[in-house]
Colleague: 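Provided herewith is a single structure, encoded as C-alpha cells, for subsequent inquiry.
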Amino acid sequence: MNEIRRILAVESSCDETSAAVLEGRVVRSNIISTQIEIHKKYGGVVPEVASRKHFENIIPVVDAALEKAGCTLEEIDGFAVTHGPGLVGALLIGLTYVKSLAFALEKPFLGVNHIEGHIAANYIEHPELVPPFVCLVASGGHSHLVKVIDYDRFEILGRTRDDAAGEAFDKVARALGLGYPGGPNIEKLALEGDPKAIRFPRAALEEGSFDFSFSGLKSAVLNYLNSMEMRGEEVNKADVAASFQQAVTEVLAEKLIRAAEESGSPYAVLAGGVASNKKLREEVQRKGKGKDLKVLFPSPVLCTDNAAMIGCAAHYRFMKGYHSDMELNAMPNLRIGD
Ligand code: KG4
Ligand code: ZN
C-alpha cells in the first residue's frame with residue numbers, strides 16, 4: 001500500500017494528547033499537549049480527568065498538527081491511532097475521533113500498539129536502523145525487552161514481574177516529595193547526589209533471565225527513608241535519588257546489552273519515557289563499549305508519549321498492507337505482538 005504517503009497519527013493513551021503528520025517516515029509536525037500540570041496535584045494520572053482533557057484537546061491538537069505540516073485533512077492518505085495499551089477512556093477519545101475522520105473522508109485507518117510505537121520512534125531519527133534488533137522499552141506502564149524480528153513481528157525476551165521502571169521512578173519520587181512525573185525530577189536531583197552513597201539491591205532474578213523486578217528496590221528505598229526518619233536522622237535526598245537511579249539503570253542496561261549480544265543484534269536500542277534518562281543512556285553506552293554493538297535511542301521528545309512514533313509504526317504497517325476496520329475497539333491490556 002505504497003500510496004499511503006501522508007499519515008495523520010493520534011496518540012491519547014495516557015496523559016498526552018498528541019497529533020502528528022508524517023510523509024513516509026519523515027515527521028512534518030508532532031504536536032503534544034501534555035496534562036502533567038493538571039495531574040501533578042493528584043500525584044499521578046487520574047483517568048477520568050485524562051479522558052475529559054483529551055476530549056477538550058483532540059480537535060485543536062489535530063488542527064495544529066495539520067497547520068504546522070501545511071496540509072488539509074483532505075490531503076491525508078491514511079490515519080493512525082493508538083488503540084492500546086492504555087487507559088480505556090483516554091484511548092477511546094483518540095480512537096473514536098480518528099475512526100470518524102477516516103469514515104467521513106473514506107480513507108484507511110490503522111490501530112497501532114502503543115509499545116510498538118515507542119520502538120518505532122527510533123526509526124524516525126536513525127535511518128540506518130532496520131530489524132532485526134533488540135530494544136528495551138521502559139516507560140511508566142511497561143518494561144519490556146523486545147526482539148524486533150520485523151516491523152510487524154516481535155518476540156518478548158523479558159518483562160517486568162511487578163512495577164515498570166518508570167513506575168518505580170514515580171513511586172520513589174513521591175516518597176521523596178518530588179512530585180509527578182518522578183523520572184525527570186529524580187534525574188535532576190540525582191545530579192547533586194552520590195550514586196554510591198547507598199547500596200540499594202539490584203534484582204538480577206534467575207541466572208540468564210531477561211525479566212525485571214523493581215518492587216524490591218522500591219521497598220528498599222521506602223524502608224531506608226522510614227528507618228532514617230525513625231532514628232531522627234536527616235535524609236540526603238540527592239544521594240537517595242542518585243543511588244536509586246544507579247540501581248535501576250544498571251539492571252536495565254546490563255540486561256539490554258546481554259540480550260543484544262546473545263541475540264546477535266547489531267544494535268542495542270532504547271525506547272519509552274525512561275529512555276530519556278541520561279544516566280540510563282550513559283550506562284548502556286558504557287556497558288556496550290568494546291562490543292560489536294551500536295547503541296541507539298530517540299531524542300527525549302520522541303521517548304515520552306507522542307503521535308509521531310505512532311505514525312511511524314503505522315507507516316511500516318501500511319506498507320505491509322495492514323488496515324483496521326470500524327469494529328476496532330480500545331484495548332487497555334493489548335500486548336505487543338497481539
Ligand atoms: O512513555 P511514557 O511517556 O508513558 C508511558 O507509556 O508510560 O513514560 C512516562 C514514564 C514516567 O513514569 C516518567 O517518570 C518516566 O517515563 N520518565 C523518566 C524520565 N522522563 C520520563 N524516567 C527517568 N528519567 C527520565 N528523564
Ligand atoms: Zn508510552
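First listed ligand is number 1; within each ligand, the first listed atom is number 1.
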Colleague: Heavy-atom contacts with Gly141 under 4.0 Å: which atoms of ligand 1 show up? List them by number with element.
Modeller: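 By the 4.0 Å cutoff, the relevant atoms are 7 (O).
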Colleague: Show your reasoning for whether side chain to side chain donor-acceptor pair (under 3.5 Å) applies to Asn113 and His83.
Modeller: CA-CA 6 Å; Asn113 182 308; His83 75 295; over 6 Å; no
Colleague: Please check whether Thr304 reaches ligand 1 - meaning an N/O of the residue sits under 3.5 Å from an N/O of the ligand, judged on distance alone.
Modeller: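 N/O-N/O distance below 3.5 Å does not exist for this pair.
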Colleague: Could you check Asp211 against Arg159 for salt bridge (charged side-chain N to carboxylate O under 4.0 Å, His left out), going step by step and ending with a plain yes or no?
Modeller: CA-CA 5 Å; Asp211 280 353; Arg159 54 161 56 90; over 6 Å; no
Colleague: Considering non-hydrogen atoms of the protein only, which is the closest contact for atom 6 (O) of ligand 1, and what is the distance?
Modeller: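 Heavy-atom neighbour on the protein nearest atom 6 (O) of ligand 1: His114 NE2, 3.2 Å.
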Colleague: Within the structure provided, determine whether His142 and Pro85 are in side-chain contact (heavy-atom separation under 4.5 Å).
Modeller: yes
Colleague: Among all protein heavy atoms, pick the one closest to atom 10 (C) of ligand 1 and tell me residue, atom and distance.
Modeller: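 The closest one turns out to be Gly140 N, 3.3 Å.
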Colleague: Could you go through Asn306 and Glu16, starting from their C-alpha distance and side-chain angles, then the distance that decides it, and tell me whether this counts as side chain to side chain donor-acceptor pair (under 3.5 Å)?
Modeller: CA-CA 7 Å; Asn306 69 89; Glu16 264 97 29; over 6 Å; no
Colleague: Looking at atom 24 (N) of ligand 1, what's its closest protein heavy atom, distance included?
Modeller: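 For atom 24 (N) of ligand 1, the nearest protein heavy atom comes out as Asn277 ND2, 3.0 Å.
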Colleague: Which protein heavy atom lies closest to atom 13 (C) of ligand 1, and at what distance to 0.1 Å?
Modeller: Asp170 OD1, 3.8 Å
Colleague: Using the ring-ring contact (aromatic ring centres under 6.0 Å, His included) definition, which of the options Tyr316, Phe318, Phe133 pairs with Tyr151?
Modeller: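 Exactly one candidate clears the test, Tyr316.
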Colleague: Does ligand 1 have any atom that is closer than 4.0 Å to a heavy atom of Ser276?
Modeller: yes
Colleague: Any nitrogen or oxygen of Glu16 lying under 3.5 Å from a nitrogen or oxygen in ligand 1? Just yes or no.
Modeller: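 No, no N or O pair falls under 3.5 Å.
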Colleague: Compare all side-chain heavy atoms of Leu225 with those of Val235 and state whether any distance is below 4.5 angstrom.
Modeller: yes
Colleague: Say whether His54 and Ser12, considering side chains only, have a donor N or O and an acceptor N or O under 3.5 Å apart.
Modeller: no
Colleague: With backbone taken as N, CA, C and O and side chain as the heavy atoms from C-beta onward, which portion of Lys278 lies under 4.0 Å from ligand 1: side chain, backbone, both, or neither?
Modeller: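 The answer is neither.
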Colleague: Heavy atoms, side chains only, cut-off 4.5 Å: are Leu22 and Arg5 in contact?
Modeller: no
Colleague: Just wondering, do Phe169 and Gln245 contact through their side chains at under 4.5 Å, heavy atoms?
Modeller: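 Side chain of Gln245 against side chain of Phe169, heavy atoms only: contact under 4.5 Å found.
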Colleague: Considering distance alone, does some N or O of His142 sit under 3.5 Å from an N or O of ligand 1?
Modeller: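 No; every N/O pair is 3.5 Å or more apart.
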Colleague: Using distance alone, decide if ligand 1 has a nitrogen or oxygen within less than 3.5 Å of any nitrogen or oxygen in Gly166.
Modeller: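 Yes, since at least one N or O of Gly166 sits under 3.5 Å from an N or O of ligand 1.
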Colleague: Hey, looking at atom 21 (C) of ligand 1, which of Gly183, Gly44, Gly273, Ser13 has the closest heavy atom?
Modeller: Gly273
Colleague: Closer than 4.0 Å to some heavy atom of Gly182 - which atoms of ligand 1 meet that?
Modeller: 14 (O)
Colleague: Examine ligand 1 and decide if any of its atoms is less than 4.0 Å from a heavy atom belonging to His118.
Modeller: yes
Colleague: Distance-only, no hydrogens or angles: does the Ser265 side chain make a donor-acceptor pair with backbone N or O of Glu261 under 3.5 Å?
Modeller: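 No; judged by distance alone, with no hydrogens or angles, the pair does not exist.
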Colleague: Does a side-chain heavy-atom distance below 4.5 Å link Arg28 with Cys71?
Modeller: no
Colleague: Evaluate the side-chain proximity of Ser227 to Glu229: yes if any heavy-atom separation is below 4.5 Å, no if none is.
Modeller: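 Not touching, per the 4.5 Å side-chain cut-off.
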Colleague: Would a 4.5 Å heavy-atom cut-off, applied to side chains only, mark Glu125 and Ser299 as touching?
Modeller: yes
Colleague: Please list, in chain and residue-number order, the protein N/O/S atoms closer than 2.8 Å to the Zn ion (ligand 2).
Modeller: His114 NE2, His118 NE2, Asp305 OD1
Colleague: Does NZ or CZ of Arg317 come closer than 6.0 Å to the centre of the six-membered ring of Tyr322, within 45° of the ring's axis?
Modeller: yes
Colleague: Counting only heavy atoms, which portion of Asp305 has something under 4.0 Å from ligand 1: side chain, backbone, both, or neither?
Modeller: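 The answer is both.
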Colleague: Please report which non-hydrogen protein atom sits nearest to atom 26 (N) of ligand 1, along with the residue it belongs to and the distance in Å to one decimal place.
Modeller: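 Here the closest protein heavy atom is Glu187 OE1, 2.7 Å.
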